[in-house]
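Keep in mind that this is a model prediction, so the values were computed, not measured.
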Amino acid sequence: MSTGVIIALIVIVAVVVAVVAVLAVRARGSHGGGGLKRRFGPEYDRAVARHDGDVQAAERELAALVERHGGLRERPLEPAERERYEARWTATQEHFVDSPREAVAEADRLVAELAGARGFPDAGQYEEQVAALSVHHARHVQGYRSVHRLAGAQGKAVGTADGSSDAAAPGTEDLRGALLEARALFEDLLAPARGELTSKKTETTTTATARHDDHGRHLPRAFQRHQPKES
């Protein structure tokens, strides 16, 4: 083999190695490190905290979630279907005024049902459903965890012989905060995907029935805390 051929082979091998290295760096950027942090937002920080600050362990967990659920494609909702879900959520918030605990339990069920309707694992697979939601709705999935936890906590508050409870029942403000958090995910799931069309009725209903909460988000009138009457 001539010297020229050997040099040419060395150059080719070097180019191949360089290309592989570049692809590896890009892969790490999109599925690990900064890419995972951008994708998961607050879920990234929660994963790191869950692993006691072990960033590599947290990133392995998140990368595995992307591998398992990243290919999921959300099913579009028909306009009438979207309106029904929106009406049910409005009714849930109205129900909060008289029965906060029941309203939170309703919200938990409704988010689970809507997630299933959009193509996520169904409500009977809560952990898998949350895992998939964390990949596609990372910035709002914590609200679902909150209402689910509080709905479960209400059922676990068992009375004792003296009439007290051996588990502190969540307070009204805790329930209200959880419901507001969960609504962010609900609205995210309810929002049409790019290219989907919504009916004019849905848009006008949302505008007409909404007020603002303490953070500038919309709330139906009956769900607000005591407010002075408008003049």
Side-chain angles (χ1 to χ4, degrees), residues 40-50 65 69 74 77 82 84-118 120-159 164-191 205-206 209-227:
F40 282 93
E43 286 294 291
Y44 182 94
D45 295 330
R46 291 187 189 102
V48 172
R50 196 161 52 247
L65 288 177
H69 298 293
E74 295 184 49
L77 295 175
R82 181 176 288 108
R84 285 195 296 272
Y85 276 112
E86 184 177 61
R88 289 173 62 190
W89 185 267
T90 299
T92 295
Q93 291 190 152
E94 298 287 348
H95 191 192
F96 183 91
V97 176
D98 297 317
S99 302
R101 297 178 185 180
E102 291 180 12
V104 164
E106 289 169 7
D108 178 37
R109 292 190 294 269
L110 188 51
V111 171
E113 183 182 329
L114 177 56
R118 292 307 304 262
F120 290 91
D122 62 36
Q125 307 174 67
Y126 171 74
E127 294 297 339
E128 274 300 288
Q129 190 179 63
V130 169
L133 286 168
S134 73
V135 174
H136 296 273
H137 297 276
R139 299 192 181 279
H140 301 302
V141 69
Q142 184 64 15
Y144 180 25
R145 292 195 188 100
S146 295
V147 293
H148 188 79
R149 175 178 55 80
L150 290 179
Q154 295 173 114
K156 293 176 182 177
V158 180
S164 62
S165 173
D166 66 356
T172 300
E173 284 306 301
D174 292 331
L175 296 170
R176 179 179 182 273
L179 191 56
L180 289 173
E181 277 192 281
R183 192 189 59 182
L185 175 61
F186 183 85
E187 290 177 346
D188 221 21
L189 287 167
L190 200 63
T205 299
T206 302
T209 62
R211 294 282 300 276
H212 289 88
D213 69 7
D214 299 335
H215 303 287
R217 294 175 296 192
H218 287 122
L219 278 179
R221 185 186 299 272
F223 183 63
Q224 298 179 73
R225 288 175 292 183
H226 299 295
Q227 299 280 353

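Evaluation of the side chain to side chain contact (heavy atoms under 4.5 Å, CB included) rule for Arg46 yields Pro42, Glu43, Arg50, Gln142, Arg145 as partners, not counting sequence neighbours. Legend: residues meeting ring-ring contact (aromatic ring centres under 6.0 Å, His included) with His95, ordered by chain and number and at least two apart, are absent. Under the rule for a salt bridge (Lys or Arg N to Asp or Glu O under 4.0 Å), Arg139 has no partner lying at least two apart in sequence or in another chain. With sequence neighbours left out, the side-chain hydrogen bond (donor to acceptor under 3.5 Å, both in side chains) criterion links Ser146 to Glu181. When the side chain to side chain contact (heavy atoms under 4.5 Å, CB included) test is applied to Arg149, no partner is found at least two apart in sequence or on another chain. The side chain to side chain contact (heavy atoms under 4.5 Å, CB included) test applied to Ala115 returns Phe120, Gln129, Leu133, Leu189, not counting sequence neighbours.
The closest side-chain donor-acceptor pair between Glu187 and His140, if any, does not fall under 3.5 angstrom.
Rounding to the nearest 0.5 Å places CD of Glu74 at 8.0 Å from CG of Asp188. To the nearest 0.5 Å, the span separating CG on Leu114 from OH on Tyr85 amounts to 5.5 Å. Put simply, CG on Leu179 and CZ on Phe186 are 10.5 Å apart, with the number rounded to the nearest 0.5 Å.
Ala138 approaches Phe40 most closely through the heavy-atom pair CB-O, 3.4 Å. Closest heavy-atom contact between Pro170 and Leu175: CG-CD2, 3.9 Å. Between Leu65 and Ala131, the shortest heavy-atom contact is CD2-CB, 3.7 Å. The heavy-atom pair separating Leu185 from Val111 by the smallest distance is CD2-CG1, 3.8 Å. Taking every heavy atom of both residues into account, Ala151 and Val104 meet most closely at N-CG1, 4.3 Å.
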Assess the residue pair Arg88 and Glu106 against the criterion (side chain to side chain contact (heavy atoms under 4.5 Å, CB included)); give the C-alpha distance rounded to whole Å, side-chain angles, the decisive distance to 0.1 Å, and a yes or no. CA-CA 9 Å; Arg88 289 173 62 190; Glu106 289 169 7; over 6 Å; no

Gln93 vs Arg176, side chain to side chain contact (heavy atoms under 4.5 Å, CB included): CA-CA, chis, key distance, verdict: CA-CA 9 Å; Gln93 291 190 152; Arg176 179 179 182 273; over 6 Å; no

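Formation of a donor-acceptor pair under 3.5 Å by the Arg82 side chain with backbone atoms of Leu190 is found in this model.
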